[in-house]
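These values consider heavy atoms only, across backbone and side chains, with no hydrogens, waters or symmetry-generated copies.
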Amino acid sequence: MSSRRSHSKRQVMKGKLSSVGEEDSSNQSTGSLHGHHHGLSPPLKVDLKKEYTRFCKLYSSEPLEIVSTPLERASFGRDPTIVDLKGRGLRGVDCIALGKILASDAPISHLNLSDCLLLPQGFEALLDGLAKNSRLHTLELRGNNIQGTMTCVLAKLLKINSFLKRLLLEWNCLGTTKDSFTLFCSSLAVNTGLEVLDLRNNQLNAEAAIELATALHKNKSIRNLDLRWNSIGVAGAKAIWDALRTNFSLQNIQLCGNFIPDEIVCYIEQCLQHQQEREKMMEEYASRTNILTRQLQKTEKEYKHELETMVSVFDAEETELKNALDSATDLARDFENKLRSESSRTHLLSNQVENLKASLVCAAEKEETLRKALDLKEDHTEHLESLFKEEVQKLKSIHESQLSLCQDEVIALKEDGKQMANKINMLEDHLKAKVKDCQLLEDSLEAFKLTNTELRRNFEEKIKNERDKWSNWRSEQESAEQYEIRQLETELKHIQSTMMDHIRHVEKAKVDAENKIRQLEVTVVTAKSQSETELSRTRSKLKEEHDAIIEDYRKQLNQLKEDKEKLEGDIERLSCQLLKLESDKGSLTRQNDSFRKQISHLEEQLASMSEKEKYEAELEQLNKLVEKLETDKTTLLKTNESLRSQNLILEKQLSEKDSAIFASLNRARTEVKELTELLATPKL
């Protein structure tokens, strides 16, 4: 039973060890798999210039030196993983050749294609090859006027390739077409490898920023995002702010030159700082957990090694005890076989003794029959002697001879009986000797059994001692392990307490910040209510002032309109007077002309007539009338000119007043709009 228990315990210990070994092997296998998955094959030397010329000849075009020299420099330089083609002006064939080179998984990790004037077809061929490359980590596409279909091709690349880490797209036009940029953002949401994205000067508006924020809700790989010098505005900043609530991987974002208030920018920077602190805490926690897991694995390995050594010791002792038991069982079997053989021999001897006893009984019976026969013969002889004394005498010699024969037979039979008795005695002695041997064998067997029981007792005592030692060692080991586990637990508790304290401190800071935010919200609400009341008051005041100003301006406008109407009536009246005066002037000029004609006619007649003096007097009167009419005409012209100048001055004054009124109205409207925008934008 004790051997079975030890065997079952050993099997349990072996099962535990096998489970621990399987876990270690599984961990090692998973680690090796991860290492194999993450590890890349070392880069091979490739002659990029040769490949470029080969593809150019394949497409029946001459290779360009401005492209082949950087490729040659990259192939045989110190850093063969960087290809700089900045400002080279690539053709479609060059883009196709570069795409083929990249599709063959060339060892290029950094490709600079800034200011290369890429065409859409060549750009598509280049990115189709790049989609099959797993070594390129940085792609620079600054100043290539990427928009429309080129943006869709870029979105396709981001959807397929997850090895690209840095994508620099400064000075492009991604935000000009809405549909292509939404496709770009949807591909960015699915991408799992991109860490740095530069979108400076890409004409991104608020809608593009909202699409980018929806992509950031799902993307968990981008660390740095540059959105400087765009026009995302307050709405786009709010959308990015909302995205930062769910995206904890974004560590840095640049928002300068986007018409965003400083409060929103400060709050976004605070959110990013909180995320960085949280990531640092998580990294510290992960490093500490890794250290603890390593310590636990080390203790498990030591425990496993010690268990293996103990199991090997137990196995050796068990094999020794098994060998001793096997030898004892073999000896017992030999003794049992000997006992069986001796018992079979004794059984045969007992059978022989019984046979001899039976033969002795038969001999005794024969002897008794012979004695009876002798007695009968003696009686018969006596009777014969009595009856036939004569005959006895006669036959005495015969009888004596017969008697001697009978005596000889009896002596022979006696000797045979003595011999048989000796044989029986011999057999009994032999039997007694055999019985003694059997007793000796039984005594030796009992002694062997006693020794076997003593050996078993000693073995059980040894097993008990070993079990006690094992239990003591196990208790010591368990106590040591428990002590180590307690130390680890205390360390864990200390770490957890520090983490909890830190978390409590953070939560306290969070609660304080929330209280401050609530206080600020209360103050904001109170300030908002006060500002709303003040704004309502200012609105009412401004409305009253505006209404008063408008009424004043309306009154002034009405007065000016009335003055204008009066002036227009005066002008019309004066124009009518002018027209009348001009008509009178025309009539007077006609009359003057007619009078002059008459005067000339009269002068002609006066030259012929004698009454010349009368006509001269009448002519003088007519000349005076003409002069008077001319003076009236000049005065009328002067008054007309003065009225016209007054009309122009009044029109200028009216236009100035109208412009001043419209400017004041526009100012009032802009002030009202600014106040409404200030009220509409919530204070952060």
Answer yes or no: does atom [atom1] of [X] have more than 12 heavy-atom neighbours from other residues, nucleotides or ligands under 6.0 Å?
{"X": "Gln121", "atom1": "CD", "answer": "no"}
{"X": "Arg294", "atom1": "CZ", "answer": "no"}
{"X": "Lys218", "atom1": "NZ", "answer": "no"}
{"X": "Arg54", "atom1": "CZ", "answer": "yes"}

Got a donor-acceptor contact below 3.5 angstrom from the [X] side chain to the [Y] backbone?
{"X": "Asp94", "Y": "Leu64", "answer": "no"}
{"X": "Asn161", "Y": "Ser134", "answer": "no"}
{"X": "Asn112", "Y": "Lys86", "answer": "no"}
{"X": "Asn205", "Y": "Gly175", "answer": "no"}
{"X": "Asn258", "Y": "Asn230", "answer": "yes"}
{"X": "Gln275", "Y": "Leu244", "answer": "yes"}
{"X": "Ser60", "Y": "Lys57", "answer": "no"}
{"X": "Asn172", "Y": "Glu170", "answer": "yes"}
{"X": "Gln203", "Y": "Cys173", "answer": "no"}
{"X": "Asn202", "Y": "Arg200", "answer": "yes"}

Rounded to the nearest 0.5 Å, what separation is found between the [atom1] atom of [X] and the [atom2] atom of [Y]?
{"X": "Leu183", "Y": "Glu211", "atom1": "CG", "atom2": "CD", "answer": "10.5 Å"}
{"X": "Glu51", "Y": "Leu71", "atom1": "CD", "atom2": "CG", "answer": "10.5 Å"}
{"X": "Arg223", "Y": "Glu195", "atom1": "CZ", "atom2": "CD", "answer": "6.0 Å"}
{"X": "His217", "Y": "Asp242", "atom1": "NE2", "atom2": "CG", "answer": "6.0 Å"}
{"X": "Leu204", "Y": "Phe181", "atom1": "CG", "atom2": "CZ", "answer": "4.5 Å"}
{"X": "Thr151", "Y": "Asp179", "atom1": "OG1", "atom2": "CG", "answer": "11.0 Å"}

Locate the shortest heavy-atom distance separating [X] from [Y]; write the atom from each residue and the value.
{"X": "Cys116", "Y": "Gly87", "value": "SG-N, 4.0 Å"}
{"X": "Ser187", "Y": "Lys156", "value": "OG-N, 4.4 Å"}
{"X": "His137", "Y": "Phe163", "value": "CD2-O, 3.5 Å"}
{"X": "Ala239", "Y": "Ala213", "value": "O-CB, 3.3 Å"}
{"X": "Lys165", "Y": "Leu194", "value": "O-CD1, 3.5 Å"}
{"X": "Leu169", "Y": "Phe184", "value": "CD1-CZ, 4.2 Å"}

Is there a donor-acceptor contact under 3.5 Å linking the side chains of Asn219 and Ser221? yes

Test side chain to side chain donor-acceptor pair (under 3.5 Å) applied to Asn247 - qualifying residues, sequence neighbours left out: Ser249

